[in-house]
Amino acid sequence: MFRPLKIAAVATALFLAAAASARAANTVTADDTARFLAGMQPAADSPLMPLTKDPAWQRHAKFFDGAFAQLEQRQLSKIRAWADLNLAAPRPTMFYFFSGPDFLYANAFYSRANTYVLGALEPVGAVPDLLRLPRGAIGSVLYNVEHSLGSILSFSFFITKQMKVDLHAGQVSGTLPILYVFLARSGKTIRDVNLIALDDKGGVHSGSENPGPNAVRGVRITFSGNDGQERTLYYFSADLSNAGARSSGFLKFCDTLAPGNSLIKSASYLLHSGNFTVARDWLLANNATIIQDDSGVPLAYYSPRKWRLFPFGRYLGPIGEFPGRYQQQYAQLFTRAQPIDFGIGYRWRTNESNLLLSVRLPFEETGPVEATSAEPPPPKPPRSRRPPRPPEPIPPPSRSWFWR
């Protein structure tokens, strides 16, 4: 007499399982979205797979394959080799102020970091459901992504004025789509994405909450690389001027992850200004190493009793957009610089770039220990005895895509 009930129960269970399977089949994961935007094939069972038949996506994929392959050969592989040789024991956390969505170079310099904290003014934005875009809109979306990455693929930095326009254009906006592309093209698998906000004490809240008038909006992305180790990327839309740094909880949040390592490049010489002393002081007090070009912390603020300085490349002074930022001390330091075989910063050509590695003298949780010698030892010699090849200039970007 109970058999009909059992049959009904089994049928209901099978129906619910089928419905759940159908919902899963229609779910687009963050990793699939990232790969699609990056011009890489999503998972075979992804609902985005049919969209890869679109000629616009196929053109996009071919373009990005070529652009990122050139960037890998020209810069990223060389930066990783430089970092492996010169960064003996990097801290688990790396900080990158004035970064924009530049995970690409954060990962190249500090590939062994467990936590990445990026902070800049640009908004987080959102990645829309690509399946719900209007018909024919995919090509426009992919073009906007390409255009947003134009300067960093060619010069190693975002052009701020251009980025303000690009990151508000079209249906894919903000830094999040760019972070997705860089994670995918860096060989990462996105596991989870959460919009978050910081209160004025540095506490982390869900992005749907309102932690106060000085809330700093951000995103937390959990990802893994080829080694399978889970890592975390934070990006915060943070005002790093003195007023913004004092009123928000961004630096207080960073305190919970310090000491770490920092990267500063193409930072508009903001740390040379009296309006960014809070961020500058924080960087000097909370990092074991700082990698920067001359737009970072002015040399005069590195105490020789606390820091050892290792110059690489050539210092030719600031580009014309930043008059009055020439540092005579920097020029003197770079008379003993080691060569580098990649370009970085505003002077992005290989034979014109400068890079300063600053290493904090014994840096423990209890504070720094004073140096016993003011004269730093020279950097470790290269592993190879062969003389370095003459650097090749980086060609200007193709007018067919960057300036279109």
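Just so you know, residue 1 is the first one in the sequence shown, and it goes up from there.
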Flag side-chain contact, heavy atom, 4.5 Å: [X] against [Y]:
X      : Y      : answer
Asn194 : Ser206 : no
Leu356 : Leu299 : yes
Glu146 : Arg59  : yes
Ile264 : Ile291 : no
Ile221 : Arg191 : no
Ile340 : Trp82  : yes
Ile290 : Asn261 : no
Phe68  : Leu104 : yes

Quiz item: Under the side-chain contact (heavy atoms from CB on, under 4.5 Å) criterion, do Val117 and Phe250 qualify, and how do the steps go?
Solution: CA-CA 10 Å; Val117 182; Phe250 174 69; 4.2 Å; yes
Is a donor from one side chain sitting under 3.5 angstrom from an acceptor on the other, for [X] and [Y]?
X      : Y      : answer
Ser273 : Asn275 : no
Ser46  : Asp32  : yes
Ser295 : Asp293 : yes
Asn114 : Gln229 : yes

Is it the case that the side chain of [X] and the backbone of [Y] share a donor-acceptor pair, with hydrogens and angles ignored and the cut-off at 3.5 Å?
X      : Y      : value
Tyr346 : Ser268 : yes
Ser353 : Ile344 : yes
His60  : Ile138 : no
Asp199 : Ala215 : no
Asn287 : Ser262 : yes
Thr335 : Gln332 : yes
Ser303 : Arg305 : yes
Ser237 : Leu121 : yes
Gln58  : Thr52  : yes
Arg217 : Gly207 : yes

Could you grab the distance from atom [atom1] of [X] to atom [atom2] of [Y], nearest 0.5 Å is fine?
X      : Y      : atom1 : atom2 : answer
Leu257 : Thr115 : CG    : OG1   : 6.0 Å
Asp102 : Thr175 : CG    : OG1   : 11.5 Å
Leu309 : Leu357 : CG    : CG    : 9.0 Å
Arg80  : Phe342 : CZ    : CZ    : 12.0 Å
Thr33  : Ile190 : OG1   : CD1   : 8.5 Å
Asn214 : Leu198 : CG    : CG    : 11.5 Å

Exercise. Assess the pair Tyr96 and Tyr110: is the distance between their ring centroids shorter than 6.0 Å?
Key: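 That pair fails the under 6.0 Å test.
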Quiz item: Going by an N to O cut-off under 4.0 Å, is there a salt bridge joining Arg246 and Asp200?
Solution: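 Not counted as a salt bridge, because no side-chain N and carboxylate O are separated by less than 4.0 Å.
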Quiz prompt | Under-4.0 Å salt bridge between Glu72 and Lys78 | solution =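 Lys78 and Glu72: not salt-bridged.
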Compile the donor-acceptor pairs under 3.5 Å between side chains in residues 312-322 and protein atoms, sequence neighbours left out, one pair per line.
| residue | atom | partner | partner atom | Å |
| --- | --- | --- | --- | --- |
| Arg314 | NH1 | Asn351 | O | 2.9 |
| Tyr315 | OH | Gln327 | N | 2.9 |

Exercise. Give the intermediate values and the outcome of side-chain contact (heavy atoms from CB on, under 4.5 Å) for residues Leu51 and Leu131.
Key: CA-CA 9 Å; Leu51 297 181; Leu131 296 178; 4.2 Å; yes
For a quick test of reading the model, state the closest non-hydrogen atom pair linking [X] to [Y] and the distance between them.
X      : Y      : result
Met94  : Leu263 : CE-CB, 3.8 Å
Asp65  : Gly39  : OD1-O, 4.2 Å
Ala258 : Asn286 : CB-OD1, 3.7 Å
Tyr235 : Ser99  : CE1-OG, 4.3 Å
Asp341 : Thr350 : C-CG2, 3.6 Å
Phe103 : Phe182 : N-CD1, 3.8 Å

For [X], does the [atom1] atom have more than 12 heavy-atom neighbours from other residues, nucleotides or ligands under 6.0 Å away?
X      : atom1 : value
Gln73  : CD    : no
Glu209 : CD    : yes
Asn226 : CG    : no

Practice problem: Starting from the C-alpha separation in whole Å, work towards a yes-or-no answer on side-chain contact (heavy atoms from CB on, under 4.5 Å) for Lys265 and Tyr105. | Solution: CA-CA 10 Å; Lys265 71 175 181 64; Tyr105 285 89; 3.7 Å; yes
Enumerate the ring pair (Phe, Tyr, Trp, His ring centres under 6.0 Å) contacts for [range], please, sequence neighbours excluded, ordered by first and then second residue.
range            : value
residues 273-292 : Phe95-Trp282, Phe97-Trp282, Phe98-Phe276
residues 197-216 : none
residues 33-53   : Phe36-Trp57

Quiz item: Would Arg280 count as a cation-pi partner of Tyr301, with NZ or CZ less than 6.0 Å from the six-membered ring centre and within 45° of the ring normal?
Solution: yes
Practice problem: Please list, chain by chain and in numerical order, all residues satisfying side-chain hydrogen bond (donor to acceptor under 3.5 Å, both in side chains) with Asn242, sequence neighbours excluded. | Solution: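 Testing Asn242 for side-chain hydrogen bond (donor to acceptor under 3.5 Å, both in side chains), a comparison that skips the adjacent residues, returns Thr277.
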Quiz item: With sequence neighbours excluded, what pairs up with Tyr180 under the ring-ring contact (aromatic ring centres under 6.0 Å, His included) test?
Solution: none
Practice problem: Check step by step if side chain to side chain donor-acceptor pair (under 3.5 Å) holds for Arg308 and Ser358. | Solution: CA-CA 6 Å; Arg308 287 178 176 170; Ser358 304; over 6 Å; no
Practice problem: Could you tell me how the ring of Phe223 sits relative to the ring of Tyr116: parallel (under 30°), tilted (30 to 60°) or perpendicular (over 60°)? | Solution: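 Ring orientation of Phe223 relative to Tyr116: tilted.
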Practice problem: Before giving the answer on side-chain contact (heavy atoms from CB on, under 4.5 Å), spell out for Asp294 and Tyr269 the whole-Å C-alpha distance, their side-chain angles and the decisive distance to 0.1 Å. | Solution: CA-CA 8 Å; Asp294 63 299; Tyr269 297 86; 2.6 Å; yes
Practice problem: Dump the intermediate steps for side chain to side chain donor-acceptor pair (under 3.5 Å) on Thr189 and Asp31, then the final yes or no. | Solution: CA-CA 6 Å; Thr189 299; Asp31 190 64; 4.6 Å; no
